[in-house]
Amino acid sequence: MSRFITPLLMAAVVFLAINLFCKQDPAAKKPIADFQKSYDDAVLANDNAKIMEFGRPYATKLDDTDKRAASEVRLKVAEATRETAAEKSDFNLAVASYNEIRKIYKANPDGPIKTHAFEEMAKTAEVGKKAASKSIGFRFVDTVVGALGGTSKPGFSYWFAGVLLAVFVRLLVWPLMTKQIMGFKRMALLQPMIKDLQTKYQGPELQQRTMKLYSRYGINPMAGCLPLLITMPVFLWVFMAMGSYRFNFMNGTFLWINPESALSNPRIFAPNLGEMDVILVIVYGISMVVQALLSVSDPSTAKQAKIIGISTGLLFTVLFLTVLPYPSAFLIYWITSNILTTIQSYVVSRKPIPPLVEKSEDEQKKSPLFAGLQPKDGPAAGGSNGNSAAPKTGAPVLHKPKGGKQKKKR
């Protein structure tokens, strides 16, 4: 599993680096007048699609000469995006529009642009709420929040709903995750034997003998990965459900996450649970690192797992602080989930590992995982002393008589 995660993580880092630092705008060499005329024509025609198409590169060009005008163009593009989202009832477009307006709001500390952006953020949030209200996930989260008090208890219902959802998901997948951890620990018991095979064999023969070793002790080499694949749809569904509720989370507060704290230090504290909070992002990164350090089940890969865990925690912290400003409610959910996962890993790791018991040949053959894939430890198979004949396959057998010609034996 770690062999798959390591290159995937490295590829993600390289991809982000290329997009953040090396990506070039193909329209950079075009004169600004070309974009200005196309943009002005689109505004006069009230063509939202053209405004979005020509407005973005035009704003980029204006950044070098007139940042105020660039903010105005970007705000117009965001408005066009919101109107398109309202027409199509497209939640994702509403989110994109809101994020763009939010950047403009933070980039302009005062003045009419900031005031205008604040008003447009509120309008876009309403469009997003309407577009998401039809989904099952939205209704599910809304039911949980309503049961906890809803808008009548904004300082409790919204953040505690995130905690309850994390607890619900973790309890739901607890047996499977326990099985996953124990599967890794049982496979770790075979590592000395596998290393011994690696010193003696290589290539296909090593693979055959490794499979035979798994079969002999009745261990499924996929035991650590299958539970993860089964639980992944659950995590994705809850993630999407909370995502559809992101604009409603703006009604909630949590400890330091409130409008008063945000006014004193808006770059650190979020005004509500629908906005990104720097403190929570840092806590989330720490929870990922702690989870990685305390959830290692295989001593042979402990060092590599810790490096991957720390790297992943740092990567996601940087992502959430820069290009993926997830709402605070999401982070409360993930932090709670990481804490519960760490507790489960700690508890399960203290449980005794069932000893390895060698299976009989009949039990090995009955295993659905190894059926038809039984590798042979010797040249013969079937008898206990290795002298029995090969089993019949139903195909005609060729015999070569003394005369030299082959005849089919019927």
Side-chain angles (χ1 to χ4, degrees), residues 1-2 5-6 8-10 12-13 16-17 20 155-156 158-171 173-174 177 180-181 184 228 231-232 235-236 238-239 242-243 246 249 252-258 261-262 264-299 301-350:
M1 192 70 176
S2 60
I5 296 177
T6 302
L8 183 63
L9 182 62
M10 293 178 63
V13 173
L16 289 171
L20 288 175
F156 171 75
Y158 290 92
W159 72 264
F160 195 66
V163 173
L164 281 185
L165 287 172
V167 173
F168 166 74
V169 172
R170 279 296 156 189
L171 289 178
V173 303
W174 188 281
M177 296 302 293
Q180 177 188 11
I181 296 171
F184 281 129
L228 181 63
T231 57
M232 189 60 67
F235 288 112
L236 289 177
V238 174
F239 173 80
M242 292 192 67
R246 63 182 300 159
F249 278 126
T253 59
F254 171 74
L255 297 179
W256 67 89
I257 301 176
N258 54 67
S261 299
S264 62
N265 202 331
R267 295 185 179 276
I268 302 297
F269 302 125
N272 54 65
L273 291 174
E275 300 287 348
M276 186 271 291
D277 182 80
V278 173
I279 303 299
L280 276 183
V281 172
I282 295 174
V283 173
Y284 170 74
I286 293 173
S287 70
M288 287 195 68
V289 173
V290 173
Q291 178 187 343
L293 295 178
L294 298 180
S295 302
V296 177
S297 56
D298 186 354
T301 60
K303 184 177 180 180
Q304 185 180 17
K306 289 179 180 179
I307 293 175
I308 293 175
I310 294 173
S311 302
T312 305
L314 294 175
L315 174 63
F316 276 95
T317 300
V318 173
L319 283 177
F320 290 165
L321 289 174
T322 53
V323 296
L324 296 174
Y326 277 110
S328 300
F330 283 60
L331 297 173
I332 291 175
Y333 166 81
W334 281 326
I335 291 170
T336 306
S337 181
N338 287 344
I339 292 173
L340 294 175
T341 302
T342 304
I343 293 174
Q344 183 181 15
S345 300
Y346 181 83
V347 172
V348 176
S349 65
R350 264 63 185 168

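As the structure is a prediction and not an experimental result, all values here were calculated from the model.
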Under 3.5 Å donor-acceptor pairs involving side-chain atoms of residues 270-282, not counting sequence neighbours:
| from | atom 1 | to | atom 2 | distance (Å) |
| --- | --- | --- | --- | --- |
| Asn272 | OD1 | Gly274 | N | 2.8 |
| Asn272 | OD1 | Glu275 | N | 3.3 |
| Glu275 | OE1 | Arg102 | NE | 2.5 |
| Glu275 | OE2 | Tyr98 | OH | 2.3 |
| Asp277 | OD1 | Trp256 | NE1 | 3.3 |
| Asp277 | OD1 | Ala270 | N | 2.9 |
| Asp277 | OD2 | Trp256 | NE1 | 2.9 |
| Asp277 | OD2 | Ile279 | N | 3.2 |
| Asp277 | OD2 | Leu280 | N | 3.0 |

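- Partner of Ser287 under the side chain to side chain donor-acceptor pair (under 3.5 Å) criterion, out of Thr336, Thr342, Asn338: Asn338 alone.
- Of the inter-residue distances, the one linking Thr341 atom OG1 with Trp174 atom CH2 reads 8.5 Å to the nearest 0.5 angstrom.
- Checked against the 6.0 Å centroid threshold, Phe239 and Phe330 count as a close aromatic pair.
- No side-chain donor-acceptor contact under 3.5 Å links Asn265 to the backbone of Ala262.
- Applying the side-chain hydrogen bond (donor to acceptor under 3.5 Å, both in side chains) rule to Thr253 yields no partners; only residues at least two apart in sequence or on another chain are considered.
- Every residue two or more places apart in sequence or in another chain was checked for a side-chain hydrogen bond (donor to acceptor under 3.5 Å, both in side chains) with Thr317, and none qualifies.
- Scored by the side chain to side chain contact (heavy atoms under 4.5 Å, CB included) test, Ile339 finds Ile335, Ile343 as partners (sequence neighbours excluded).
- The CD1 atom of Ile332 sits 11.5 Å away from the CG atom of Leu165 when rounded to the nearest 0.5 Å.
- Taking Val169 as the reference, Val234, Phe235, Val238, Tyr333 meet the side chain to side chain contact (heavy atoms under 4.5 Å, CB included) condition, with sequence neighbours excluded.
- One finds the CG atom of Leu331 at 12.5 Å from the OG atom of Ser337 (value rounded to the nearest 0.5 Å).
- Applying the ring-ring contact (aromatic ring centres under 6.0 Å, His included) rule to Tyr284 yields the partners Phe320, Trp334; only residues at least two apart in sequence or on another chain are considered.
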